[in-house]
Amino acid sequence: MGTDGGAGSDRGEAAILTTHNTFTKRKEPFAPLEEGTARLYVCGPNLYGPVHVGHAFSYAFFDVVRRYLEYRGYRVIHVQNFTDIEDRIIERAGREGRTIFDIAREYIDRFFQEMDALGIRRAHHYPRASEVIPQIIEIIQGLIARGHAYAVDGDVYYRVTSFPRYGHLSGRSLEEMQAGARVEPDPRKEHPMDFALWKTAKPGEPSWPSPWGPGRPGWHIECSAMNLQYLGPQTDIHGGGEDVIFPHHENEIAQSEAFTGRVPFVRSWIHNALMKPPVGEEMHRHLGNFVSLREALAQYDADSIRLFLLGTHYRTPLRWTDEAVPAAARGLDRLRTALANAEDAIARSSDQADGSLTEAAVRVRQVFEKAMDDDFNTPQALAALFTLAGEINKVADAVVKGTGEGRAGLWAATDTLRELARVLGLSLPRTGVDATLRPDLRALLVEARQQAQDLFPDAADGSAEEIIQTLLAGRQQARARRAYALADRVRARLGELGIIVEDLPNGARWRPAPRTTDLRGSSG
RNA sequence: GGCGGCGUAGCCAAGAGGCAAGGCAGGGGUCUGCAAAACCCCGACUCCCCGGUUCGAAUCCGGGCGCCGCCUCCA
């Protein structure tokens, strides 16, 4: 077995991926139920409002989990739910005179737009609670039949005392939970910790017909139904923020295992730590102190945000601040610059071999894999990338100075850097300029032509990139004539537009400045 | 009250018995018309504090101090 697509089979290493399992509180070797296939379920958002950077952290991390599993040769089946039936959405719908489906549609559209922008690969299935009502009813009926649930006045509750392992995931016993209970127990419940599987409809609320009368599902049951529907009775990895360990995931285990009889429901529970807001300790949508993903994307580019998010291990809390994120953006610039330096050096390098850099690429890949194998240690993996960038720069520097060569090694190293960065979801785009800058660039060109028409041809129809190239070419001639004032002025003006110009021995190079503020905003 | 976690350089952050990764910021130097980038050199005599175990502890044990999460909806 393991000859086709097993873990790391194409890497020749018998490395073992270990993941921290919340259920056992230990790191365990990743061993999927089905050889070569990884079933991944990630708890998705409640659609009552926009997602914030904390959600982005969770989804970006699990995106990396998926990418790494695929890098390791697994076929991944990735499912993420949308909660479109829940108290807050219903409340909001009532307040705004809309349907819950209307609200859900708005935020699903927005969700995809923002996730795409962040470079998060789409899951294979995005079931919504409202789409699995028949499966939910079937599960509830099964639970009643097996004595794990009971109906009262149109509500159905899960009987926690019927499930001996209840509390294991969150590490507490029924007695402990009762001691800390902060809500008045519903007298109709057999046990205070019994939770709702089905809620009878209140006037004006959306409802579905059921054997217990019109009503709607409780929150936890949707995920049990979706798992069963899309991944089967057992899943390899089930993830989410650590705030949903209890009661959500605890209840999922109780429902799913009691219904299917298959244990464990999930082989490895993975929970990310929560992100803190710039000020305060908890970032919550209902507290109103969150940084929305939309705001974040307006201010920073996707790679910078990802680099920031992955710079802390996923089980360590991190804080979104106006110092830390720009610092990550500048760090990202170092990675991009290394690639640009390598390309520049390759262009002027003639020989074929450079053993040291080729070896460095192999070594860095090993370090990267070792880090990722150890419970997705992205900070260490990132450090490996920076090490490789440094090695690339050294060789590129030597090539430029004429003291070294290394075309083959530079190729190998840049390929490796790009490939491993992609596993972390970093796209490291070569360049690229905001198309909305074109009018400003045009104006700058017109201004330059007024100074020296012979140096700057009128690129009236050119794209933003072409205008930049025209400006740089003219500037180069100006420099050749020692017209430094003009050359420096063009460079400074480009700088104001977020275009950094670097004069290299063989010509000028440009790149977008690390985006640490909203260039379109008032601060720019 | 119960369960769990955290405290490492100016900032962010890995490491979990054997010379304290990496990034950002900072200082000096090389290169450059200048700038930028890159390269070279420099930074915790020490990992919240106090004890203990050990040849050896940031890492293990005990006790403090400070901060936080969950126990109710939350990624």
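Keep in mind that the numbers below use all heavy atoms, side chains included, and drop hydrogens, waters and symmetry copies. Please read all numbers here as calculations on a predicted model, not as lab measurements. Below, chain A is the first sequence line, B the second, and so on; all start at residue 1.
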Q: Looking at every strand, decide which applies to A/Gly171 at a 4.0 Å heavy-atom threshold: base, sugar-phosphate, or nothing.
A: sugar-phosphate
Q.
What is the distance, to the nearest angstrom, from the NE2 atom on A/His248 to the C1' atom on B/C71?
A. 17 Å
Q) Across all strands, who's sitting opposite B/C70 as a Watson-Crick or G-U wobble pair, both distances under 3.5 Å? A) B/G2
Q: Let me know the distance between CG of A/Asp243 and P of B/C68, rounded to the nearest Å.
A: 18 Å
Q: Answer with yes or no after comparing the ring centroid distance for A/Tyr157 and A/Trp198 against a 6.0 Å cut-off, counting only values under it.
A: no
Q: Name the orientation class of the two ring planes belonging to A/Phe290 and A/His52 (parallel below 30°, tilted from 30 to 60°, perpendicular beyond 60°).
A: tilted
Q: For A/Asp333 and B/A37, give me the distance from atom CG to atom P, rounded to whole Å.
A: 8 Å
Q. Toward the 5' end of RNA chain B, which comes first, A/Arg479 or A/Asp397, by nearest nucleotide?
A. A/Arg479
Q | Reported CG-to-NE2 distance for the pair A/Asp243 and A/His249, which is rounded to 0.5 angstrom | A | 9.0 Å
Q. At under 4.0 Å between heavy atoms, what does A/Val501 touch on the DNA or RNA strands: base, sugar-phosphate, or nothing?
A. base
Q.
Less than 4.0 angstrom between a side-chain N/O of A/Asn393 and OP1 or OP2 of B/C39, yes or no?
A. yes
Q) So, are A/Asp488 and A/Arg491 salt-bridged, with charged N and O less than 4.0 Å apart? A) yes
Q. To the nearest angstrom, how far is A/Arg315 atom CZ from B/G69 atom P?
A. 19 Å
Q.
Give me the distance, rounded to whole Å, that separates B/A25 from B/A36 when you measure between the P atoms they each carry.
A. 12 Å
Q: Return yes if the base of B/C34 and the side-chain atoms of A/Asp503 contain a donor-acceptor N/O pair under 3.5 Å, otherwise no.
A: yes
Q: Looking only at side-chain atoms of A/Glu86, point me to the closest of B/A35, B/C73, B/A75.
A: B/C73
Q) Considering only the P atoms, how many Å lie between B/C40 and B/C47, rounded to the nearest integer? A) 30 Å
Q | NZ or CZ of A/Arg334 within 45° of A/Phe386 ring axis and under 6.0 Å | A | no
Q: Spell out protein contact along nucleotides 11-26 of chain B as letters: B when the base is contacted, S when just the sugar-phosphate is, - when no protein heavy atom is under 4.0 Å; keep the 5' to 3' order.
A: --SSS-----BSSSS-
Q. Just one of A/His124, A/His78, A/His238 clears the ring-ring contact (aromatic ring centres under 6.0 Å, His included) bar with A/Tyr41, so which one?
A. A/His238
Q | Single hit among A/Asp374, A/Leu318, A/Asp375, A/Asn272 for side chain to side chain contact (heavy atoms under 4.5 Å, CB included) with A/His313 | A | A/Asp375
Q) Which is it for A/Thr387 and A/Glu391 under the side-chain hydrogen bond (donor to acceptor under 3.5 Å, both in side chains) test, yes or no, and what are the steps along the way? A) CA-CA 6 Å; A/Thr387 300; A/Glu391 296 295 322; over 6 Å; no
**Q.** Strand partner of B/C39, provided both Watson-Crick or wobble distances fall under 3.5 Å
**A.** B/G29
Q | Separation of B/A38 C1' from A/Ile500 CD1 (nearest whole Å) | A | 14 Å
Q: Scan A/Gly495 against the nucleic acid and name what it touches under 4.0 Å (heavy atoms): base, sugar-phosphate only, or nothing.
A: nothing
Q: Quick one: look up who B/G10 pairs with, Watson-Crick or G-U, both distances under 3.5 Å, and put none if it's unpaired.
A: B/C24
(Q) Under 4.0 Å, counting only non-hydrogen atoms across every strand here, what does A/Asn341 touch: a base, just sugar-phosphate, or nothing? (A) sugar-phosphate
Q.
What's the closest nucleotide to the side chain of A/Arg475 if the choices are B/G33, B/A75, B/A36?
A. B/G33
Q | Any-strand Watson-Crick or G-U partner of B/A16, both distances under 3.5 Å | A | none
**Q.** B/G23 versus B/A14 - spacing of their C1' atoms, nearest Å
**A.** 11 Å
Q. Taking NE2 from A/His52 and P from B/C73, how many angstroms apart are they, rounded to a whole number?
A. 17 Å
Q: Measure from NZ or CZ of A/Arg479 to the centre of the six-membered ring of A/Tyr484, then state whether that distance is under 6.0 Å and the direction lies within 45° of the axis.
A: no
Q: Could you measure between the two P atoms, the one in B/G4 and the one in B/A38, and give it in whole Å?
A: 46 Å
Q. Would one find a side-chain N or O of A/Lys25 under 4.0 angstrom from OP1 or OP2 of B/G5?
A. no
**Q.** Length of the line joining A/Gln476:CD and B/G33:P, which is rounded to integer Å
**A.** 12 Å
(Q) Heavy atoms only, 4.0 Å cut-off, all strands: where does A/Asp488 land among base, sugar-phosphate and nothing? (A) base
Q.
Using the P atom as the point on both nucleotides, what is the distance between B/G64 and B/G26, in whole Å?
A. 43 Å
(Q) Judged by each residue's nearest nucleotide on RNA chain B, which is more toward the 5′ side, A/Leu504 or A/Glu391? (A) A/Leu504
(Q) In whole Å, measure the gap between the P atoms of B/G1 and B/G15 for me. (A) 32 Å
Q.
Between B/G7 and B/C11, how far apart are the two P atoms, rounded to whole Å?
A. 15 Å
Q.
Would you say the ring centers of A/Tyr59 and A/Phe111 fall short of 6.0 Å from each other?
A. yes
Q.
Could you tell me how far B/G29 sits from B/G18 if I compare only their P atoms? Round to whole Å.
A. 39 Å
Q. Just how far, in rounded Å, is C1' of B/C3 from NE2 of A/His249?
A. 18 Å
(Q) Base, sugar-phosphate or nothing for A/Gly390? Non-hydrogen atoms, less than 4.0 Å. (A) sugar-phosphate
(Q) Applying the Watson-Crick and G-U wobble criteria at under 3.5 Å, what pairs with B/U53? Answer none if nothing qualifies. (A) none
